[in-house]
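Here is the structure we will look at, set down as structure tokens.
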Amino acid sequence: MNMTKPVVIKKHWLSGIWLLPLISALVGGWVLYQSMLEKGIAIAIIFDDAEGIREGKTPIIYKGVRIGVVREVHISDNLQQVKVLAEIQRTAGQALKTTTGFWLVKPKVSLTEITGLDTIVSGNYIRMNPGEGKSQREFIALEKQPILDDYSHGLYIDVFADHLGSVARGSKIYFREIPVGEVLDYELAETQNGVIIKVRIDERYAHLVKESSRFWNASGLDVGFKLFGGARIKTESLESVLAGGISFATPDNDQMGEPAQERDEFLLYADRDDNWLEWTPMIELAE
């Protein structure tokens with residue numbers, strides 16, 4: 001009796017009907033993974049007000065490159081501040097540290113400086129300056145632009161005055177009536193009886209500042225009268241009259257003296273003719 005040998009058919013665990021859904025799942029997973037990689041880092045910046053800040057439009061800029069954008073703007077619980085929620089590119093995430101600074105850039109025009117004119121066309125933007133320390137995601141916005149590493153080339157010195165007068169940020173520093181530097185910032189002395197003026201001298205002119213150099217206020221007009229000679233008017237330059245400025249010089253017998261060093265401190269005299277040795281400033285020099 002002949003018996004037919006059964007034919008055994010092996011079934012694969014994966015049927016062809018499941019192939020398309022599997023491919024779709026893999027593609028979807030890859031897209032999700034890429035989306036997570038491209039999604040930026042969420043941060044919060046606290047401002048006093050949101051003037052000039054627009055959701056989805058106001059960019060965050062570093063070295064002229066757009067690295068983020070404002071997503072949402074909310075009023076704080078105490079109604080005194082606003083919280084700006086922004087998104088930063090992951091490539092810039094390593095810059096988000098404890099001392100990282102953010103501030104709003106908007107157009108400003110004065111006698112001493114013209115800044116942010118690019119915002120007239122593009123709108124206000126938030127600028128970032130990388131910091132150091134631990135990683136951080138919430139920041140307090142700065143009220144003004146800090147002294148940045150962009151100014152790293154040059155000589156930084158402090159000039160102490162009993163009052164600020166017409167000197168302002170951006171005021172020029174003159175040597176023989178030639179602009180050789182500028183005022184970066186100013187602040188009250190710790191004893192609050194004087195002003196510390198932060199000055200940067202351009203790198204190519206830094207050698208002109210000696211330890212014995214004398215700085216004086218070049219702002220305004222020096223008017224004098226003689227009994228039979230009429231009036232005498234002296235001024236450094238028209239620019240210094242309008243915008244304020246500081247001049248300096250070195251005694252002729254000390255032209256080859258020791259050059260000034262970074263963060264050296266100098267006194268600001270009332271004018272060029274002020275008695276250098278007898279003048280007593282109102283402030284106390286920092287130790």
Side-chain angles (χ1 to χ4, degrees), residues 24-110 112-152 168-170 182-188 198 200:
S24 299
L26 290 175
V27 172
W30 173 255
V31 171
L32 181 61
Y33 174 72
Q34 288 294 110
S35 177
M36 292 179 62
L37 287 180
E38 294 176 0
K39 184 176 177 60
I41 300 173
I43 65 170
I45 310 172
I46 308 301
F47 287 86
D48 288 335
D49 61 70
E51 182 182 2
I53 300 177
R54 300 291 180 265
E55 294 183 349
K57 293 184 177 180
T58 302
I60 298 176
I61 304 293
Y62 174 60
K63 289 187 177 295
V65 178
R66 177 178 172 137
I67 61 169
V69 67
V70 171
R71 293 301 185 193
E72 300 177 21
V73 179
H74 301 284
I75 193 72
S76 64
D77 294 337
N78 60 9
L79 305 180
Q80 299 298 313
Q81 297 171 312
V82 294
K83 176 179 285 190
V84 174
L85 303 181
E87 186 177 307
I88 300 291
Q89 295 177 5
R90 289 194 173 274
T91 53
Q94 59 183 345
L96 301 175
K97 305 294 185 181
T98 305
T99 59
T100 297
F102 293 89
W103 66 95
L104 184 64
V105 178
K106 48 189 176 181
K108 177 182 178 182
V109 179
S110 68
T112 60
E113 60 180 335
I114 300 177
T115 60
L117 291 185
D118 54 329
T119 62
I120 295 178
V121 177
S122 62
N124 295 352
Y125 60 88
I126 297 172
R127 192 171 175 188
M128 182 191 78
N129 185 44
E132 298 178 350
K134 297 181 179 179
S135 180
Q136 187 164 307
R137 295 294 182 266
E138 184 165 313
F139 305 88
I140 304 296
L142 303 176
E143 295 182 0
K144 59 184 178 181
Q145 175 176 323
I147 300 176
L148 303 176
D149 292 338
D150 298 349
Y151 297 108
S152 57
R169 292 186 68 169
E182 66 177 320
V183 173
L184 297 179
D185 205 354
Y186 50 82
E187 61 186 20
L188 282 174
K198 305 291 184 179
R200 177 180 64 87

Problem set entry | Over all atoms of both residues, closest heavy-atom pair of L104 and E51 | CD2-O, 3.3 Å

For this session: Any chance you could measure L96, atom CG, to M128, atom CE, to the nearest 0.5 Å?
Result: 6.5 Å

Exercise. Under 3.5 Å, side chain of E55 to main-chain N/O of V73, donor-acceptor pair present?
Worked result: yes

For this session: Please say which of I46, I45, I43 ends up in a side-chain contact (heavy atoms from CB on, under 4.5 Å) with E138.
Result: I46

For this session: Look only at the side chain of R169 and the backbone of L184, and say whether a donor-acceptor pair between them is shorter than 3.5 Å.
Result: yes

Exercise. Distance from F139 atom CZ to I126 atom CD1, nearest 0.5 Å?
Worked result: 12.0 Å

For this session: State the OG1-CD distance between T98 and Q136, to the nearest 0.5 angstrom.
Result: 5.0 Å

Exercise. Nearest 0.5 Å, what's the CZ-CD1 distance between F47 and I53?
Worked result: 4.0 Å

Seminar exercise, completed: Hits for salt bridge (charged side-chain N to carboxylate O under 4.0 Å, His left out) against K57, two or more places apart or cross-chain, chain-then-number order -> none

Problem set entry | Euclidean distance, N129 CG relative to T100 OG1, rounded to 0.5 Å | 7.5 Å

Exercise. Taking E187 for the side chain and K198 for the main chain, is one N or O donor matched with an acceptor at less than 3.5 Å?
Worked result: no

For this session: Go through the steps to decide whether R66 and I61 satisfy the test side-chain contact (heavy atoms from CB on, under 4.5 Å), and finish with yes or no.
Result: CA-CA 5 Å; R66 177 178 172 137; I61 304 293; 4.0 Å; yes

Problem set entry | More than 12 heavy atoms from other groups under 6.0 Å of NZ on K144 | yes

Exercise. Do you know the tightest heavy-atom contact between A86 and I60?
Worked result: CB-CD1, 3.5 Å

Seminar exercise, completed: Note: S135 and R137 closest approach over all heavy atoms is OG-NH1, 3.0 Å

Exercise. Hey, is the main chain of L85 close enough, under 3.5 Å, to the side chain of E72 for a donor-acceptor pair?
Worked result: no

Exercise. Which pair of non-hydrogen atoms, one from I67 and one from A92, has the smallest distance, and what is that distance?
Worked result: CD1-CB, 4.2 Å

For this session: Hey, could you give me the CZ/OH distance between R127 and Y62, rounded to the nearest 0.5 Å?
Result: 9.0 Å

Exercise. What are the two closest heavy atoms between K106 and N124, and how far apart are they?
Worked result: CB-OD1, 3.4 Å

